[in-house]
Amino acid sequence: MAKLLELWAWYALSVRVLVLGATSLVGSHFVAATEGVGLVAAGRRDPRDIDILVHEFRKADLGQQEEVRILLEEADCDAVVNFVARTDVDGCEAERPEDPSSPAHPSGGHSAWSLNAELPRWLAEEAAASGRYLVHLSTDFVFDGTRGPYDESEEPDPFGPKVSWYGYTKGVGERAVRTHAPRSSAIVRISYPYRSAYPQKLDFARTLLARAKGGTLYPLYLDQVITPTWIPDVTQALPLLLTKRATGTFHIASPLATTPYAFAVTLLALAGLPTKQLRSSLLAEQPPSVRAPRPLQGGLKIGGVRLLGLEPTPFEEGIRTLLHERAAE
Ligand SMILES: NC(=O)c1ccc[n+]([C@@H]2O[C@H](COP(=O)([O-])OP(=O)(O)OC[C@H]3O[C@@H](n4cnc5c(N)ncnc54)[C@H](OP(=O)(O)O)[C@@H]3O)[C@@H](O)[C@H]2O)c1
């Protein structure tokens, strides 16, 4: 990260970046790694209240168009990085309408529609009009899981039973960014992000560790293809994207695919925890009423970021680093 800080200090001399979602699992890593230099954060919670430094904080409900408009009008910034989303996949599913084109689909400040579909559009429209550069975070859940791992050229799938409402709304947000700001935006798709520590929110890997230690592991899918994202790779990629104003879609994910079950076997074995407590299940056999749909054959291919000179971390190496950093705490 020392190289990143050097690059960032140079970049932040002349450019200010507005970070939306500085308190998020993924965004907080980037903000902490840059030590907040040149960063204006905006959102509901001041990141400084949880010891994440930023140059400036502006309070705003980003699910409200008027608040977003005022923020973008007043904020002194050259680029915007958007980590804000409603990410609770099963919670979002409760908002799923029968027909997504119906005006009755849920809206309002905190809905998946407002935060995942509309906010990116407001940001992209403003970026196109002002010349600001926009980086927008997205997910492999925009795909229906019939043909993954997916490459960067793949378009989000349409509304249907295999795509969760979370994934569909994120796909609508992506399309808006591509449509309105094609020459001044990048979309960064990630998949099952994990990091070594963040007391504010557990992730996939740390949930498995906590449950394995507490003897409360749930059965893990043996048939779901995933490419977990080591969050520090996102932090490394952002300065590259911002300094180059790179446009298009970029995937940051493990170059080696795995399954939740195989990931857990590796994690527990390397952590010295008993693997015989692991039980498996099949996503393909899960009744649709139990949880929101997840991509069965999901995951992301990573050719785009390799062209930028970044090599994302294979999941086993990410797990080793996670355990090493936790042991050093
Ligand atoms: N987590 C995953 O498994 C996953 C997987 C693939 C892709 N992604 C994508 O990666 C990005 C970051 O995800 P994450 O898991 O790091 O997010 P997260 O931890 O769930 O954080 C969401 C962020 O959005 C902010 N937010 C929510 N509602 C808001 C509102 N009305 N006004 C202002 N701010 C609001 C939250 O602020 P508060 O602190 O105030 O709540 C928080 O900073 C998202 O685009 C997500 O779709 C995530």
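Side-chain atoms are counted along with the backbone in the values below, which use heavy atoms only and exclude waters and symmetry mates. Small disclaimer: the values here were computed from a predicted structure and weren't measured. All residue numbers refer to positions in the sequence shown, counting from 1.
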S.K.: At their closest point, which heavy atom of Leu18 faces which heavy atom of Ala42, and how far apart are they?
M.R.: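 Closest heavy-atom pair between Leu18 and Ala42: CD1-CB, 4.0 Å.
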S.K.: Test your reading of the model: is there a side-chain donor-acceptor pair from Glu95 to the backbone of Ala112, 3.5 Å cut-off?
M.R.: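 Confirmed, Glu95 side chain pairs with Ala112 backbone.
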S.K.: Just wondering, do Arg48 and Val54 contact through their side chains at under 4.5 Å, heavy atoms?
M.R.: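 Yes. Closest side-chain heavy atoms under 4.5 Å.
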S.K.: Considering non-hydrogen atoms only, spot the tightest contact between Ile302 and Pro255 and give its length.
M.R.: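 Closest approach of Ile302 to Pro255: CD1-CB, 3.6 Å.
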S.K.: Give the cluster check for Val265 versus Leu267: same hydrophobic cluster or not, with ILVMFWY residues linked at side-chain heavy-atom distances below 4.5 Å.
M.R.: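 Shared cluster, yes.
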S.K.: Could you measure the distance from the CG atom of Leu282 to the CG atom of Leu222? Nearest 0.5 Å is fine.
M.R.: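 Here the rounded value is 6.0 Å.
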S.K.: Should Lys170 and Glu174 count as an ion pair when the cut-off is N to O under 4.0 Å?
M.R.: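 Judged by the 4.0 Å cut-off on N to carboxylate O distance, Lys170 and Glu174 do not form a salt bridge.
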S.K.: Would you give the length of the straight line joining atom OG of Ser191 to atom CG of Leu300, rounded to the nearest 0.5 angstrom?
M.R.: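 Rounded to the nearest 0.5 Å, the OG-CG separation comes to 5.0 Å.
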S.K.: Would you sort out whether Phe250 and Glu152 count as a side chain to side chain contact (heavy atoms under 4.5 Å, CB included), showing the intermediate values?
M.R.: CA-CA 6 Å; Phe250 298 89; Glu152 291 84 347; 5.5 Å; no
S.K.: Side chains of Thr259 and Gln224: closer than 4.5 Å at any heavy-atom pair?
M.R.: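 No, every pair of side-chain atoms sits at 4.5 Å or beyond.
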S.K.: Using every non-hydrogen atom in the two residues, find where Pro239 and Leu7 come nearest and quote the distance to one decimal.
M.R.: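 In this case the closest contact between Pro239 and Leu7 is CB-CD2, 3.8 Å.
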S.K.: Apply side chain to side chain contact (heavy atoms under 4.5 Å, CB included) to the pair Leu238 and Thr34, showing each step before the final yes or no.
M.R.: CA-CA 11 Å; Leu238 286 171; Thr34 55; over 6 Å; no
S.K.: Could you give the side-chain donor-acceptor pairs of residues 74-85 under 3.5 Å, partners two or more places apart or in another chain?
M.R.:
| unit_1 | atom_1 | unit_2 | atom_2 | d |
| --- | --- | --- | --- | --- |
| Glu74 | OE1 | Arg58 | NH2 | 2.7 |
| Asp78 | OD2 | Arg16 | N | 2.8 |
| Asn82 | OD1 | Val84 | N | 3.0 |
| Asn82 | ND2 | His136 | ND1 | 3.1 |

S.K.: Can you check whether Phe263 and Tyr192 have ring centres sitting under 6.0 Å from each other?
M.R.: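 They do not qualify: ring centres at least 6.0 Å apart.
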S.K.: For Thr235 and Arg195, does a side-chain donor sit closer than 3.5 Å to a side-chain acceptor?
M.R.: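 No - no donor-acceptor pair under 3.5 Å links their side chains.
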S.K.: In terms of hydrophobic clusters joined by side-chain contacts under 4.5 Å, are Tyr198 and Leu323 together?
M.R.: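 Per the 4.5 Å side-chain linkage, Tyr198 and Leu323 are not co-clustered.
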S.K.: Could you pull out the closest heavy-atom pair between Val177 and Ala124, with the gap in Å?
M.R.: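 Closest approach of Val177 to Ala124, heavy atoms only: CA-CB, 3.7 Å.
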S.K.: Would you find a donor on one side and an acceptor on the other, under 3.5 Å apart, between the side chain of Ser185 and the backbone of Pro182?
M.R.: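 Not confirmed, Ser185 side chain does not pair with Pro182 backbone.
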S.K.: Grab the two heavy atoms, one from Asp203 and one from Thr207, that are nearest each other, plus how far apart they are.
M.R.: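 Minimum heavy-atom separation between Asp203 and Thr207: O-OG1, 2.6 Å.
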S.K.: Heavy atoms, side chains only, cut-off 4.5 Å: are Tyr221 and Gln286 in contact?
M.R.: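 Of all side-chain heavy-atom pairs linking Gln286 with Tyr221, at least one is under 4.5 Å.
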S.K.: Any non-hydrogen side-chain atom of Leu220 less than 4.5 Å from a side-chain atom of Leu208?
M.R.: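 Sidechains of Leu208 and Leu220: in contact.
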S.K.: Roughly how far, to the nearest 0.5 Å, is the CG atom of Asp51 from the OG atom of Ser28?
M.R.: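 Going from the OG atom of Ser28 to the CG atom of Asp51 covers 12.0 Å.
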S.K.: Determine whether a donor-acceptor pair (N or O, by modelled atom type, separation under 3.5 Å) exists between the side chain of Asp223 and the backbone of Ala284.
M.R.: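 Present.
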S.K.: Does any part of the side chain of Thr23, heavy atoms only, come nearer than 4.5 Å to the side chain of Asp49, both counted from C-beta?
M.R.: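 Counting from C-beta outward, Asp49 and Thr23 never come under 4.5 Å.
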S.K.: Which pairs pass salt bridge (charged side-chain N to carboxylate O under 4.0 Å, His left out) with one or both residues in residues 226-253, sequence neighbours excluded?
M.R.: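 Those involving residues 226-253 do not exist here.
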S.K.: Could you tell me if the side chain of Trp8 sits less than 4.5 Å from the side chain of Val17, heavy atoms only?
M.R.: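 SC-SC contact between Val17 and Trp8 confirmed.
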S.K.: Do the side chains of Glu325 and Pro232 get nearer than 4.5 Å, heavy atoms only?
M.R.: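 The answer is no; the side chains never approach within 4.5 Å.
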S.K.: Search all heavy atoms of Pro149 against all heavy atoms of Ala257 and return the closest pair with its distance.
M.R.: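 In this case the closest contact between Pro149 and Ala257 is CG-CB, 4.5 Å.
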S.K.: As a quick check of understanding, evaluate side chain to side chain contact (heavy atoms under 4.5 Å, CB included) for Thr313 and Thr321, giving each step before the final call.
M.R.: CA-CA 10 Å; Thr313 304; Thr321 310; 5.6 Å; no
S.K.: Decide whether Trp230 and Phe315 are clustered together by the hydrophobic rule: side chain heavy atoms of Ile, Leu, Val, Met, Phe, Trp, Tyr closer than 4.5 Å, transitively.
M.R.: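 Same cluster.
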S.K.: How long is the gap from CG on Leu278 to OH on Tyr218, to the nearest 0.5 Å?
M.R.: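 Result: 11.0 Å between the selected atoms.
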S.K.: Nearest 0.5 Å please: distance from the CD1 atom of Ile252 over to the CG atom of Leu241.
M.R.: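 Between atom CD1 of Ile252 and atom CG of Leu241 there are 6.5 Å.
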S.K.: With a 3.5 Å distance limit and no angle check, can you tell me whether Ser114 reaches the backbone of His110 through a side-chain donor-acceptor pair?
M.R.: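 Side chain of Ser114 to backbone of His110, a donor-acceptor pair under 3.5 Å: no, none is there.
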S.K.: Is the ring pair Trp113/Trp165 parallel, tilted or perpendicular, if the boundaries are 30 and 60 degrees?
M.R.: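 Ring orientation of Trp113 relative to Trp165: parallel.
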S.K.: Could you tell me whether the side chain of Arg206 and the main chain of Lys201 form a donor-acceptor pair under 3.5 Å?
M.R.: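 Yes; judged by distance alone, with no hydrogens or angles, the pair exists.
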S.K.: Is it true that a side-chain atom of Asp151 and a backbone atom of Lys301 form a donor plus acceptor pair closer than 3.5 Å?
M.R.: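 Flag not set: sc Asp151 to bb Lys301 has no pair under 3.5 Å.
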S.K.: Whether the side chain of Arg326 engages the backbone of Ser196 through a donor-acceptor N/O pair (distance < 3.5 Å, no angle test) should be reported.
M.R.: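 Here the side-chain-to-backbone pair exists.
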S.K.: I need the single residue from Val188, Leu310, Val234 that forms a side-chain contact (heavy atoms from CB on, under 4.5 Å) with Val305. Which is it?
M.R.: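 Per the side-chain contact (heavy atoms from CB on, under 4.5 Å) rule, the option paired with Val305 is Leu310, out of Val188, Leu310, Val234.
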S.K.: State yes or no: do Leu134 and Val19 share one hydrophobic cluster built from I, L, V, M, F, W and Y residues joined by side-chain heavy-atom distances below 4.5 Å, directly or via other members?
M.R.: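 Different clusters.
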S.K.: Could you please spell out the steps behind the side chain to side chain contact (heavy atoms under 4.5 Å, CB included) verdict for Val68 and Leu123?
M.R.: CA-CA 8 Å; Val68 174; Leu123 298 176; 4.2 Å; yes
S.K.: Please report the interatomic distance NE2(His251) to OG1(Thr229), rounded to the nearest 0.5 Å.
M.R.: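 The NE2 atom of His251 sits 10.0 Å away from the OG1 atom of Thr229.
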S.K.: Does Ala117 offer a backbone N or O that forms a donor-acceptor pair with the side chain of Thr169 under 3.5 Å?
M.R.: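 Here the side-chain-to-backbone pair does not exist.
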S.K.: What do the steps show when you test Arg175 against Glu155 for salt bridge (charged side-chain N to carboxylate O under 4.0 Å, His left out), and what is the final call?
M.R.: CA-CA 8 Å; Arg175 283 181 199 278; Glu155 286 287 318; 3.2 Å; yes
S.K.: Do Lys59 side-chain atoms and Arg44 backbone N/O form a donor-acceptor pair below 3.5 Å?
M.R.: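 Yes: the side chain of Lys59 pairs with the backbone of Arg44.
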S.K.: So, for Phe204 and Tyr194, is the gap between ring centers shorter than 6.0 Å?
M.R.: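 Centroid distance Phe204-Tyr194: not below 6.0 Å, so no.
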S.K.: Assess whether salt bridge (charged side-chain N to carboxylate O under 4.0 Å, His left out) is satisfied between Glu316 and Arg320, documenting all intermediate values.
M.R.: CA-CA 6 Å; Glu316 187 174 328; Arg320 285 183 193 278; 2.8 Å; yes
S.K.: Treating Glu67 as the side-chain partner and Asp61 as the backbone partner, does any N or O pair qualify as donor plus acceptor under 3.5 Å?
M.R.: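 Flag set: sc Glu67 to bb Asp61 pair under 3.5 Å.
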S.K.: Just wondering, do Asp157 and Lys162 contact through their side chains at under 4.5 Å, heavy atoms?
M.R.: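 No; the side chains remain at least 4.5 Å from each other.
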S.K.: Determine, using the 4.5 Å side-chain heavy-atom cutoff (strictly less than), whether Ile226 and Tyr166 are members of one ILVMFWY cluster.
M.R.: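 Yes; tracing contacts between hydrophobic side chains, which count when under 4.5 Å, links both residues.
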